[in-house]
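Heads up, the thing below is written out as structure tokens.
All values below come from the heavy atoms of this structure, side chains included, with hydrogens, waters and symmetry mates left out. Each ligand, and each atom within it, is numbered from 1 in the order the structure gives. Model, not experiment: these values are computed from the prediction.
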Amino acid sequence: MPYAPEQIEPKWQDFWARNDIFRAEVDQTKQKYYVLDMFPYPSGAGLHVGHPLGYTATDIVSRYKRMKGFNVLHPMGWDSFGLPAERYAMRTGIHPAITTKENTDTFRAQIQRLGFSYDWSRELATTSPDFVRWTQWIFLKLVENNLAYQAEVAVNWCPAQSTVLSNEEVKDGKYIETGDPVERRLMRQWMLKITAYAEKLLDDLDDLDWPDGIKAMQRNWIGQSHGAEISFAIEGSDAQVKVFTTRPDTLFGATYCVLAPEHPLVDAITRPEQREAVQTYVSETAKLSSFERSELNRDKTGAFTGAYAINPVNGAKTPIWVADYVTMDYGTGAVMAVPAHDTRDHEFARKFELPIIEVVTPEEGHDVQAEAWTGDGTLVNSSFLDGLDVDAAKAQVIEWLETEKAGQAKVTYRLRDWLFSRQRYWGEPIPIIHGEDGSYSTVPDQDLPLLPPKLEEYGPGPDGAPPLARATDWVQTTDPTTGKPGRRDLNTMPQWAGSCWYYLRFIDPNNDLAFVDTEKERYWMPVDLYVGGAEHAVLHLLYARFWHKVLYDLGLVSTAEPFQKLFNQGMILAHSYRDAQGRFYEPEKVEESSGKFYADGKELVQKIEKMSKSRFNVVNPDDVVREFGADSVRLYAMFMGPLEATKPWDTASIAGVRRFLNRVWRLVHDDDDNVDMARLTDEAPDAALNGQLQKMIAAVTSDIEELRFNTCVARLMEMTNTLTPMSRRPRFVIEQFILVLAPFAPHMAEELWGALGHETSIAYAPWPSVAEDALDAADAELKEYPIQINGKIRARVMAAPNLAGEDLLNVVKSDEKVAALLDQVTVLREIPIRDKLVNFVVKG
Ligand code: ANZ
């Protein structure tokens, strides 16, 4: 029997499961390591080859850390609330829980076929009643601590989906998942006060071992601005306009003020003669989406209120306008306009013929009447600020404002509160009961979980009424605190809720008394390594950090941050083929001829793109596991390129990795597939071989620590190239090699480990340590063999010195690059020259 992954892989998977090999328990005598994957949404499409990429990486780290003596927590579960199951239910009437369970079973089986070392006893699903109970419990903690509130808010309403969306889910006026247009609408909604944590969310990023790009995106999203809040009195009124500015230094250059159209002062200050114009303007802008309003190149529009504000610094009378380039959701919803130094104010001033006063000297030749000067300079036309630079003037004017009680320094954030209500069926119902008088009560702990009621129809009702409104019996209830009739909240939580805390539940998944046991939480947290796609840069990772910080402040968890180290895997692309009309062809039907692609007699264009059904380029992990084995798929996923790179999947290349594993098999087995005792020797390796071994161990160790797995695979291949041609292979070297192979190709490693007489799983065998002194010896010992094709050097192979004949040829031909070169030609003659080079005489 040659290497047969289809036989050994199920056998070892079964062995691991039956013996609970990867079961993790708190052990105070051991150092812990918590490795987490972003858990998948179990979609109907099944696992995608992108999943195994990240999962293989975390599995390698988990297995490596176990061998290093760590107590490793490596769990898997399901982020199972979600829109696709609900949509499917709307079409078919099948309850989402049923489809979710089917999909989960498929996902689990697919994942298990890849031999990942999860502790399956901790498996959880965000939709399970037990999990929902604690998600709702945490939400009620937020309510109790005034971090959740109801508000009449202008929401992102998506008519096509009949639901509101969070700001994070909307980009360029469209729902990021479906591309459906999004409008503004006023609705009473639950909001979570994430803004209360803006500063902590920003500051604590500094200490995290996260990719710089992700940190930058979070910083940008939180959007901290330093400036001042300044009060302008309103002429003939007791009211004041408060403006937020990042340029208080330009206060002498303010020539008008602007209120957002929704600003509460608009009505109160508008003069009778301007009322009609202002009202028309306000109602026109209300029809625009926030996207349309924020479009930078839009023509500036506005209306004069007839009222004037008094500039506190010089008593200047400045007209108050209403204009939609100022929005209610930032700062104070009002600005002082400085057309000489702000581009938008400049455009507006030009259009409505408002004065432009220079207060910061621009560069030679720049005219502020023609274009705003937004750079640095020296203050002019500004009384006591004249002569100062921008920074000094900011400090000076803030001091003046604070003394005069006309304003103060102020830090503002772009971050908005998190809109938390969804008008959907398949989510955690919001556990709140509304009284008839407008008050509300929380559902008592002992009544949790509050599960969604059974419905005949899952879609939204007329005009976006939430589906839960249909369950009239469920909705009508008694307020537990007052005993009076009450109505349940009709909203559900967004899909992000479960993923805000699932990593805590993995620590203690079956606890009935608490969401997590304190002792266990203390032992396992924080997550040491978190791997997943970069698409979660802002949404999931910001929301989870927020919940975690709330729990931390309530003394319910022991760390301020949940995920110490984060790594983003790259996206996996695939080849697609289309004809001139844009029709896609299945890759199996495509023929290649001299670099061009054909099907049905048409020439096709080959592209590397995202995988999608419509492009026929989705690779199913089951198919590749069946064809090549899980170990080959794992190795290929790592060998494709750096983990973080976006790269194309190429099923044909798995064959190369499979050939490598065949050679590994042959290191221990003879041609009859018995353990090859004849070639195994108990003699110690010579210095060259030992040196190469030590180098490999050192390199793979540091590469795993830094998540550079593609280079690890290359090292394993080099080592195999050296060992393959040897007639006597030191057992010591073979065993060390198998140990290093184990995290990458665990089934193969277990099998060979057993074949060499070991009776316990390799999963907890100690990771080889490096003999440092042998390392130096090694460098001197390896030799470079140039590889010629028809006399021209085409590659170089590093190998032991003094190789000759068949041994030299074997080493050289098992090199990936050389193998690839020879694949394309017909070899006529092979000329190995001892200790020097190899020349291939070829045709083609
Ligand atoms: C006067 C001024 C003078 C400004 C100047 C800029 C340049 P960031 O950096 O994004 O924080 N602003 C304040 N609130 C606003 C709102 N609700 N809608 C639209 N614009 C608003 O931007 C802060 C600046 O954006 C503020 O500083 C204000 O214009 C404007 F030479 O005030 B500035």
Side-chain angles (χ1 to χ4, degrees), residues 154 167 195 198-199 202 219-232 241-266 285 288 290-296 298 300-302 309 311-313 316 318 320-349 354-362 366 368-369 371-382 385 388-391 393-394 397-398 401 406-416:
N167 287 337
T195 52
E199 196 177 339
L202 189 68
R219 288 202 183 98
N220 203 21
W221 191 263
I222 297 166
Q224 189 183 54
S225 267
H226 290 267
E229 205 172 272
I230 305 178
S231 300
F232 283 61
V241 190
K242 278 201 166 99
V243 304
F244 170 72
T245 175
T246 44
R247 295 291 306 273
D249 54 301
T250 62
L251 185 53
F252 286 91
T255 57
Y256 65 100
C257 286
V258 183
L259 302 183
E262 303 84 0
H263 198 289
L265 274 180
V266 172
T285 50
L288 299 176
S290 62
F291 171 65
E292 288 166 316
R293 279 182 58 169
S294 64
E295 261 187 307
L296 282 176
R298 241 181 93 231
K300 293 279 169 297
T301 58
N311 188 333
V313 82
T318 61
I320 305 178
W321 285 68
V322 177
D324 68 6
Y325 77 93
V326 172
T327 54
M328 200 52 224
D329 62 3
Y330 187 61
T332 59
V335 307
M336 64 176 207
V338 184
H341 303 290
D342 180 274
T343 311
R344 290 168 309 168
D345 297 345
H346 195 277
E347 248 176 83
F348 191 88
L354 294 157
I356 299 172
I357 301 177
E358 176 180 309
V359 289
V360 177
T361 34
H366 185 105
V368 298
Q369 299 301 325
E371 197 189 340
W373 172 253
T374 56
D376 280 340
T378 308
L379 273 280
V380 290
N381 299 325
S382 296
L385 301 178
L388 297 177
D389 66 21
V390 166
D391 283 342
K394 281 182 183 169
V397 80
I398 287 173
L401 288 166
Q408 73 272 329
K410 172 97 185 165
V411 178
T412 296
Y413 296 91
R414 283 251 160 236
L415 185 68
R416 300 278 65 99

Item to check | Side chain, backbone, both or neither: the part of Arg344 lying under 4.0 Å from ligand 1 by heavy atom | outcome: side chain
Next on the checklist: To check you understand the geometry: which heavy-atom pair defines the closest contact between Ala372 and Pro339, and what is its length?
Outcome noted: CB-O, 3.7 Å
Checklist outcome for this item: To atom 8 (P) of ligand 1, the nearest of Ala254, Gly223, Ser225, Ala372 on a heavy-atom basis is Ser225
Next on the checklist: Quick check: Thr327 and ligand 1, any N/O pair under 3.5 Å apart?
Outcome noted: yes
Item to check | Atoms of ligand 1, numbered as shown, that sit under 4.0 Å from any heavy atom of Met336 | outcome: 1 (C), 32 (O)
Checklist entry - Hey, which of Leu385, Val338, Leu379 is the one that makes side chain to side chain contact (heavy atoms under 4.5 Å, CB included) with Phe252? => result Leu385
Checklist outcome for this item: Ranked by distance from atom 19 (C) of ligand 1, the top protein heavy atom is Tyr325 O, 3.4 Å
Item to check | Per-residue contact class, Thr246 against ligand 1 - non-hydrogen pairs under 4.0 Å | outcome: both
Checklist entry - Is the shortest N/O to N/O distance between Thr245 and ligand 1 below 3.5 Å? => result yes
Next on the checklist: Quick check against the 3.5 Å criterion: does Gln369 have a side-chain atom that pairs as donor or acceptor with the backbone of Ile356?
Outcome noted: yes
Checklist entry - Which residue owns the protein heavy atom closest to atom 10 (O) of ligand 1, what's the atom, and how far is it? => result Arg414 NH2, 2.6 Å
Item to check | atom 28 (C) of ligand 1: nearest protein contact (heavy atom, Å) | outcome: Phe244 O, 3.7 Å
Item to check | Tyr325 and Phe348 aromatic ring geometry - parallel, tilted or perpendicular at 30°/60° bounds | outcome: tilted
Next on the checklist: Is the contact between Val326 and ligand 1 made by the side chain, the backbone, both, or neither, using heavy atoms and a 4.0 Å cut-off?
Outcome noted: both
Checklist entry - Who passes salt bridge (Lys or Arg N to Asp or Glu O under 4.0 Å) against Arg247, sequence neighbours left out? => result Asp249
Checklist entry - When you measure from the side chain of Asn311 to the backbone N and O of Ala316, does any donor-acceptor pair fall under 3.5 Å? => result no
Checklist entry - Backbone N or O of Pro248 within a donor-acceptor pair of the Thr250 side chain at under 3.5 Å? => result no
Checklist entry - Which ligand 1 atoms are under 4.0 Å away from a heavy-atom of Thr250? => result 3 (C), 31 (F)
Next on the checklist: Using ring centroids (six-membered ring only for Trp), state whether Trp373 and His366 fall under 6.0 Å.
Outcome noted: yes
Checklist entry - Is Asp342 close to ligand 1, meaning an N/O of one under 3.5 Å from an N/O of the other? => result no
Checklist entry - In the protein, what heavy atom is nearest to atom 31 (F) of ligand 1, and what distance, to one decimal place, separates them? => result His341 O, 2.8 Å
Item to check | SB check Asp324 Lys300 (cutoff 4.0 Å) | outcome: no
Item to check | Closest protein heavy atom (residue, atom, distance) for atom 15 (C) of ligand 1 | outcome: Val335 CG1, 3.5 Å
